[in-house]
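For clarity, every value in this text was computed on a predicted model and none was experimentally measured. Chain letters run A, B, ... following the sequence lines, proteins first and then strands; every chain starts at 1.
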Protein chains: 2
Amino acid sequence: MSGYKIRNMEEFAALSGLSRPTVSKYFNDPGSVRPRTRKRIEEALERYDFRPNIFAMNQNRSLTKNVGIVVPYLADPFFAEIARIIERRCIDAGFSPVLYSSHGEQKLEVEILEGLTALKPAGVFLAPLGRLSDRGAIERFCRNVPTVLFDSNIEGMGEAFVGSDNFSFVQQTVEYLCRTGSPPCFFEMRNPANPNANKRRRAYIRLMEEAGLEPHVIKVEGEGWGFEEIGRRGAHELFASGGPATDTVLCSNDRLAIGFLAACYERGLRVGRGDGCALRVASHDDHPFSRFTCPSLTTAAHEYEAVAAKCMETLFSLIEAGGRFENRMETLIPARLILRASA
Amino acid sequence: MSGYKIRNMEEFAALSGLSRPTVSKYFNDPGSVRPRTRKRIEEALERYDFRPNIFAMNQNRSLTKNVGIVVPYLADPFFAEIARIIERRCIDAGFSPVLYSSHGEQKLEVEILEGLTALKPAGVFLAPLGRLSDRGAIERFCRNVPTVLFDSNIEGMGEAFVGSDNFSFVQQTVEYLCRTGSPPCFFEMRNPANPNANKRRRAYIRLMEEAGLEPHVIKVEGEGWGFEEIGRRGAHELFASGGPATDTVLCSNDRLAIGFLAACYERGLRVGRGDGCALRVASHDDHPFSRFTCPSLTTAAHEYEAVAAKCMETLFSLIEAGGRFENRMETLIPARLILRASA
DNA sequence: AGATATTTTTGACGCGCGTAAAGAAATTTC
DNA sequence: GAAATTTCTTTACGCGCGTCAAAAATATCT
């Protein structure tokens, strides 16, 4: 590679022995020029290492190759994981993904969406905060930018939603727990920000009632994103005031369960399904760390890859369709039960 | 806010009763126009909701307000956490942070740096892959973009490095462990990608020798970013072949320790410092989950906020200095020992 | 009030590229 | 080998804003 620095496409075109419009055409779609021309450009590219100016490119295009990925809280490994997979797939598909975290704050989510609009993205994957989201701001955003919601559904927002089928999650854990021992209580936060939590509680209650069993919902106090600590404290309070109604606890999500297990350990309560175990604990999400809890956590797993694949597929067809679907598309992906030691 | 959509700054300036250059001046520095003029612009801003076109703005500026944050693996909660704090501070300082994860791959790290160059960022925070990094590519990048390395130091690269003082980390854990029980073995990966691991091993050996004790380094096999699983498997192999030389194990980092603790639990080995405990385990990093392990993990903590603050401060002075320091600046921040139940 | 300093306006050019039209050149077709 | 087709070149304009110089307007000071 020559050390010479090229200033612009004009200069690069001259060095390739071609005209600028032809080179411009190549960069927009390498397949749109004659093979021999393409080869000449790519040879020059090897020699001179030129890249068209992104800002100038995007300025004159109504649509860019940018794709936004917005999650509510990136320090939550669940979102880090799903974002990682989606990001990877965007890159492989030739897009420029830009990753944002709302850090759990409404104001930041709104600002991110506003800033994202200015990037004229081809599309956006948005996992909204949920209860804390500014519905007006999200609606406004979705009108301007082709958006696929994921993880948390907000009725009517965006052209599509891809997420997990919460009913399937709870159905599998409840069915398994009832079949192999006493029916579970349900352990959750009192005011969950994430709408999935509500769906899971309702699924639990419905499934218990359908089985002729009495549902027990344990609600613990706590705000914010420190779920493990909320679960830990809640568990201690629960045990201090007599403990759960049965010896089986189903947590709304793995992060609460991680805290719950920590509290059990601190109290010397052995968790698991064998002899000498005081109680069973199961949960939902298959958090990346749930196989390293003590004991390892029985949980209903998200199909991370399947969710990511469906997200991509949905956004592509949305872009093809010009940014609008006739009917809002909802895809719910069922869970996969993972049996480990805790239940 | 009026529903009318403004096309460009020209139009917005006209609606504010001002000229475009004045408005342009305002957007570059709101304090550079007369207070009354500023008020007029901001009132118009309330009414019409105009934002200058990012692409056009950046095209004509030699330097943007973009700041890149590159971490080796965002699904690692340690990096998610440090990235979160840095990102937050960038936003508060009026910059536009863009977050990238190398996903543990050299090729991706190089591509990110190349793409980042095109964004003409005011500066970049780079936590390199370490051993897997393409040194040539990073060097080239650092020549073009004011870069502050963090977490992993690579000698001579970038204008500055901000990280944790590995010697201080190990010093504190070793001192504590030796003072309160038998001296520790050191548990680590055989081929760590991250240079901090090597510094920690050397610190351990040196500290043990200085104390007249024999160092024992246990090296476990494993590649990639699944540290917990590597630690878990390594621990099982260790116990299967006779166990550690002493009843105290110091892990190179918390993620290995999380796996180690999982293995101990699976083997029915009680960890902690009380009676009836088979061994003590300590570690380094204060991983966000280390307080929820069973037992909770005694560890040397990064001063996350201090590291982030120093990163910001360093980059600011680097930008002020025109992107070059006379001498490469290295800041090492000492650890804070956190005593929990595991040792 | 007049002189001086500061701020704003006017007008103009440039950034690097997208894109369109018309003609030239190369390629394919019969 | 000529006609039809495809591809490329030339020329030119536009995108939205940064930035500069000179002139005009406004504010500050004595």
| Hey, what do you get for NZ (B/Lys107) to OG (B/Ser102), rounding to the nearest 0.5 Å? |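 One finds 13.0 Å between NZ of B/Lys107 and OG of B/Ser102.
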Any chance you could measure B/Ile69, atom CD1, to B/Tyr100, atom OH, to the nearest 0.5 Å?
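One gets 10.5 Å once the value is rounded to the nearest 0.5 Å.
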Check your understanding: Of all nucleotides in DNA chain C with an atom under 4.0 Å from a non-hydrogen atom of chain B, which is the first and which the last going 5' to 3'?
Key ->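 In short, chain B contacts DNA chain C from C/dT7 to C/dG16.
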Whole-Å distance between [N] [atom2] and [X] [atom1]?
{"X": "B/Phe50", "N": "D/dC17", "atom1": "CZ", "atom2": "C1'", "result": "9 Å"}
{"X": "B/Arg51", "N": "D/dC17", "atom1": "CZ", "atom2": "P", "result": "12 Å"}
{"X": "B/Met9", "N": "D/dT19", "atom1": "CE", "atom2": "C1'", "result": "12 Å"}
{"X": "B/Gln59", "N": "D/dT19", "atom1": "CD", "atom2": "P", "result": "12 Å"}
{"X": "B/Leu18", "N": "D/dA25", "atom1": "CG", "atom2": "P", "result": "15 Å"}

* To do: May I ask you to check whether B/Phe78 and B/Tyr73 place their ring centers less than 6.0 Å from one another?
  =>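 No - the distance between ring centres of B/Phe78 and B/Tyr73 does not fall below the 6.0 Å cut-off.
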Suppose we call two aromatic rings close when their centres sit under 6.0 Å apart. Are A/Phe95 and A/Phe316 close by that rule?
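Yes; A/Phe316 has its ring centre under 6.0 Å from that of A/Phe95.
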| message | Under 4.0 Å, heavy atoms only, any strand: does A/Phe12 hit a base, just the sugar-phosphate, or nothing? | response |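 Counting heavy atoms under 4.0 Å across all strands, no contact is made by A/Phe12.
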Just distance, no hydrogens or angles: give the donor-acceptor pairs under 3.5 Å from side chains in residues 118-129 of chain A, sequence neighbours left out.
| unit_1 | atom_1 | unit_2 | atom_2 | d |
| --- | --- | --- | --- | --- |
| A/Lys120 | NZ | A/Asn58 | O | 3.2 |
| A/Lys120 | NZ | A/Gln59 | O | 3.4 |
| A/Lys120 | NZ | A/Arg61 | O | 3.2 |

Does this structure show an ion pair linking A/Arg84 with A/Glu87, if we count only N-O contacts that are shorter than 4.0 Å?
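A salt bridge is absent here (no side-chain N lies under 4.0 Å from a carboxylate O).
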Worksheet entry | Near-strand residues of residues 23-39 of chain B, defined as heavy-atom separation under 4.0 angstrom from DNA chain C |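 Close to the strand are B/Val33, B/Arg34, B/Thr37.
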**Q.** Crowding at CZ, B/Arg324 (>12 non-hydrogen neighbours, <6.0 Å)
**A.**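 Count over threshold, so yes.
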Q. Would you call the rings of A/Phe50 and A/Phe27 parallel, tilted or perpendicular if under 30° counts as parallel and over 60° as perpendicular?
A.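 Plane angle over 60°, so perpendicular.
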Indicate whether OP1 or OP2 belonging to D/dT9 is found under 4.0 Å from a side-chain N or O atom of A/Thr22.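 Yes, such a contact exists.
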